[in-house]
*Asks:* 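Next up is a structure, given as structure tokens.
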Amino acid sequence: MSKPLKISESAAVQMPMKTVASLIVLVGMGVLGYTELTSRLVSLETSRELFTNDLLKKSEQLPTDQEQYMLLEAVFSDVEKLQKNQEQNMTNKVNIEFLRDQLEKALKDIEDLKDKVRANGNGTH
């Protein structure tokens, strides 16, 4: 039979320093891996809880609220279109006023020329 192993406080164990350092590094990596894993799990659980709460809040909205939100979005897009249209109309107004002034001046010049032609007696054929 085999002899039973007796371990006491005075028992000595010899181990190379390279092995001791490897064991320390291995234990450290295990602790670091466990810490990272638990932090990732906590993060995922928190994200899930937030997502669930958001879904619950959205499910509490009545269909009339959702319809009102859609109508508000449509009104805002219409207002933006109207603002762009108004800006274009303001530019058109300036151009029309300028062209009206130019046309009035041209008509006045034409009348002046007609009067000069009539004054010279060349206006009748």
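What you see is a predicted model, and the numbers here were worked out from it, not measured in a lab.
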*Asks:* Among Thr38, Val31, Leu32, which residue meets the side-chain contact (heavy atoms from CB on, under 4.5 Å) test with Tyr34?
*Replies:*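 Single side-chain contact (heavy atoms from CB on, under 4.5 Å) partner of Tyr34 among Thr38, Val31, Leu32: Thr38.
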*Asks:* Judged by atom type as modelled, is there a donor-acceptor pair below 3.5 Å linking the side chain of Thr46 to the main-chain atoms of Val42?
*Replies:*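 It does hold such a pair.
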*Asks:* Give the C-alpha distance, both sets of side-chain angles, the deciding distance and a yes or no for side chain to side chain contact (heavy atoms under 4.5 Å, CB included) between Asp101 and Lys105.
*Replies:* CA-CA 6 Å; Asp101 293 342; Lys105 183 180 179 219; over 6 Å; no
*Asks:* When rounded to the nearest 0.5 angstrom, what is the spacing between CG in Leu41 and CG in Leu37?
*Replies:*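 Going from the CG atom of Leu41 to the CG atom of Leu37 covers 5.0 Å.
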*Asks:* Would you say Ile24 ends up clustered with Met17 if hydrophobic residues are merged whenever their side chains have heavy atoms under 4.5 Å apart, either directly or through other cluster members?
*Replies:*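 Yes, it is one cluster - the side chains of Met17 and Ile24 are joined through contacts under 4.5 Å.
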*Asks:* Nearest 0.5 Å, please: how far is CZ in Arg100 from CG in Leu103?
*Replies:*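 That separation rounds to 10.0 Å.
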*Asks:* Do Leu107 and Leu113 share a hydrophobic cluster, counting only Ile, Leu, Val, Met, Phe, Trp and Tyr and linking them when any side-chain heavy atoms are less than 4.5 Å apart?
*Replies:*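 In one cluster: no.
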*Asks:* Report the residues that fulfil side-chain hydrogen bond (donor to acceptor under 3.5 Å, both in side chains) with Ser43, sequence neighbours left out, ordered by chain and then residue number.
*Replies:*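 Checked Ser43 against side-chain hydrogen bond (donor to acceptor under 3.5 Å, both in side chains); zero matches.
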*Asks:* With side chains defined as the heavy atoms from C-beta onward, is the minimum distance between Glu87 and Thr91 less than 4.5 Å?
*Replies:*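 No. Closest side-chain heavy atoms not under 4.5 Å.
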*Asks:* Should the heavy atoms of other residues, nucleotides or ligands under 6.0 Å from CD of Gln102 be counted, would the total exceed 12?
*Replies:*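 More than 12 within 6.0 Å, yes.
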*Asks:* Please examine the side chains of Val117 and Asn120, heavy atoms only from C-beta on, and report whether any two atoms are closer than 4.5 Å.
*Replies:*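 No - every pair of side-chain heavy atoms lies 4.5 Å or more apart.
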*Asks:* For residues Ile96 and Leu99: do they belong to one hydrophobic cluster (side chain heavy atoms under 4.5 Å, members Ile, Leu, Val, Met, Phe, Trp, Tyr)?
*Replies:*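 Each belongs to a different hydrophobic cluster.
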*Asks:* Would you please name every residue forming a side chain to side chain contact (heavy atoms under 4.5 Å, CB included) with Met90, sequence neighbours left out?
*Replies:*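 Met90 satisfies side chain to side chain contact (heavy atoms under 4.5 Å, CB included) with Gln86 once adjacent residues are dropped.
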*Asks:* So how far is it from Leu71 CG to Asp78 CG, rounded to the nearest 0.5 Å?
*Replies:*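 One finds 10.5 Å between CG of Leu71 and CG of Asp78.
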